[in-house]
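Here the structure is laid out as structure tokens; the discussion comes afterwards.
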Amino acid sequence: MRVAQEATSRDLANVTSKLQALDVRTLGEEVARLTRRADAADSALAATQTKVEALATQPGGTPPSGRPAASPVPAPMPPDAAVTSPAPASPPAAAVERPRVAPAPAPTVAPPPSVTPAKPAPKAGGTPEQEYAAALATFRSREHGQAVLDFIDFMAKYPKHPLAGNAQYWIGEAYWAQRDYRQALVEFEKVFERGPGKVPDALLKIGLCHLRLSDLPRAQQAWQRVVNEYPKSESATMARSLIATHSAARR
């Protein structure tokens, strides 16, 4: 490698001494020739380095310098116990006591003012017919529980009024709407005690309650009674239709 480098240096020196005698064209050709020789020298140097590395990796190989291969590095001795023993831990620094701050007092909240539940406003007084109409409007708004209370109040205030029987009938209708057919049956039967005004309608509904309670014979008895006792009523017309329908179904 050193010989190749010295040859390249001599060539460069010779070229330098001849540069002045050469024209521009000759100078360019000479530079190109030197460049090719430099590339060839670099290639030779790289090939030589590759061979040296290959020899060094072979077992028992001798380095290119001619020196014997170095002996393997011995394993390190275990460190002295005095060196490996951990240094005594330094005592923890004294905790800095923070000044104690008294907690802020909880804000006092005034108790809410006591609220007395408002009593329901008494219903404005009126005629019995107006009170009955108000209770019926409550029933039609599907407030069945309140409607029952209003009708009971009406009958308590006006037990002999001609609309007392109607009030009792609508109590039965309120339980019917809630599908409480047994209690509805009880309430419809009370209509007989309040006069004949709503008896045909009550008998028709009594038959329907028996039908919902799976007692068809008693239902037909109630409907037949409507037909016999109130033949010209609308309830009688409906009773005849119900009797015919369920008699055909039994066949």
Side-chain angles (χ1 to χ4, degrees), residues 112-251:
S114 59
V115 180
T116 303
K119 297 181 179 180
K123 296 182 180 180
T127 63
E129 291 76 11
Q130 289 175 338
E131 294 186 23
Y132 173 83
L136 188 58
T138 301
F139 172 85
R140 289 173 177 169
S141 64
R142 298 181 181 277
E143 298 180 21
H144 300 121
Q146 184 60 46
V148 168
L149 296 177
D150 292 345
F151 284 126
I152 290 175
D153 182 64
F154 176 84
M155 290 187 296
K157 292 170 65 176
Y158 312 105
K160 301 298 182 181
H161 195 279
L163 292 174
N166 295 53
Q168 181 60 53
Y169 172 83
W170 288 111
I171 291 174
E173 286 283 5
Y175 285 104
W176 172 271
Q178 298 296 318
R179 300 183 180 182
D180 188 350
Y181 303 120
R182 294 190 182 279
Q183 187 61 37
L185 181 61
V186 172
E187 300 299 334
F188 284 129
E189 288 176 346
K190 292 180 181 179
V191 175
F192 304 141
E193 304 171 4
R194 300 287 179 174
K198 293 292 287 183
V199 170
D201 296 338
L203 282 171
L204 184 68
K205 274 302 181 71
I206 287 173
L208 290 173
C209 287
H210 285 304
L211 181 65
R212 291 298 177 91
L213 295 173
S214 302
D215 192 349
L216 182 57
R218 298 188 66 178
Q220 289 180 328
Q221 290 176 7
W223 296 331
Q224 190 62 48
R225 183 179 173 185
V226 177
V227 173
N228 295 338
E229 297 181 10
Y230 307 94
K232 297 182 180 181
S233 65
E234 294 181 3
S235 298
T237 303
M238 296 182 64
R240 292 188 187 97
S241 176
L242 289 169
I243 291 172
T245 300
H246 291 283
S247 297
R250 291 184 65 180
R251 294 176 187 174

(message) Would K205 and Y169 count as a side-chain contact (heavy atoms from CB on, under 4.5 Å) here? Give the steps.
(response) CA-CA 10 Å; K205 274 302 181 71; Y169 172 83; 4.0 Å; yes

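- Looking at residues two or more places apart in sequence or on another chain, you find a side-chain contact (heavy atoms from CB on, under 4.5 Å) between A184 and Y175, W176, F188, C209.
- Among pairs with a residue in residues 191-241, those fulfilling ring pair (Phe, Tyr, Trp, His ring centres under 6.0 Å) read W223-H246, at least two apart in sequence or across chains.
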(request) Decide yes or no on side-chain contact (heavy atoms from CB on, under 4.5 Å) for Q178 and Q183, but give the supporting numbers first. (result) CA-CA 10 Å; Q178 298 296 318; Q183 187 61 37; over 6 Å; no

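- Here the straight-line distance linking atom CG of N166 with atom CD of E173 works out to 11.5 Å at 0.5 Å rounding.
- A distance of 11.0 Å separates CG of L213 from CG of L208, quoted to the nearest 0.5 Å.
- Counting only distance, with no hydrogens or angles, the side chain of E187 and the backbone of Q168 share no donor-acceptor pair below 3.5 Å.
- Around atom CZ of R240, more than 12 heavy atoms belonging to other residues, nucleotides or ligands sit under 6.0 Å away.
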(message) Please determine whether side chain to side chain donor-acceptor pair (under 3.5 Å) holds for the pair Q220 and Q224, giving the CA-CA distance in whole Å, both sets of side-chain angles, and the decisive distance to 0.1 Å.
(response) CA-CA 6 Å; Q220 289 180 328; Q224 190 62 48; over 6 Å; no

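- Annotation for L204 and S235: closest pair CD1-O, 3.9 Å, computed over non-hydrogen atoms.
- M155 CE to L163 CG: the interatomic distance, rounded to the nearest 0.5 Å, is 12.0 Å.
- Between W170 and F139, the ring planes lie tilted relative to each other; the angle falls in the 30° to 60° range.
- For the atom pair NE2 of H144 and CD1 of I171, the computed distance is 13.0 Å after rounding to the nearest 0.5 Å.
- Shown here for I206 and A222, the closest heavy-atom pair between the two residues is CG2-CB, 4.2 Å.
- The distance from the CZ atom of R179 to the OH atom of Y181 is 5.5 Å, given to the nearest 0.5 Å.
- Using a distance-only test at 3.5 Å, with no hydrogens or angles considered, a donor-acceptor pair links the side chain of S141 to the main chain of T138.
- Summarising the local packing, CD of E129 is surrounded by more than 12 heavy atoms from other residues, nucleotides or ligands at distances under 6.0 Å.
- Side chains of F154 and H161 form a contact here, defined as non-hydrogen atoms less than 4.5 Å apart.
- Summarising the geometry of P159 relative to A164, their closest heavy-atom pair is O-CB, 3.8 Å, with the distance given to 0.1 Å.
- Side-chain contact between V226 and S233 is present, with heavy atoms from C-beta onward closer than 4.5 Å.
- We find the CG-CZ distance between L136 and R140 to be 4.0 Å, quoted to the nearest 0.5 Å.
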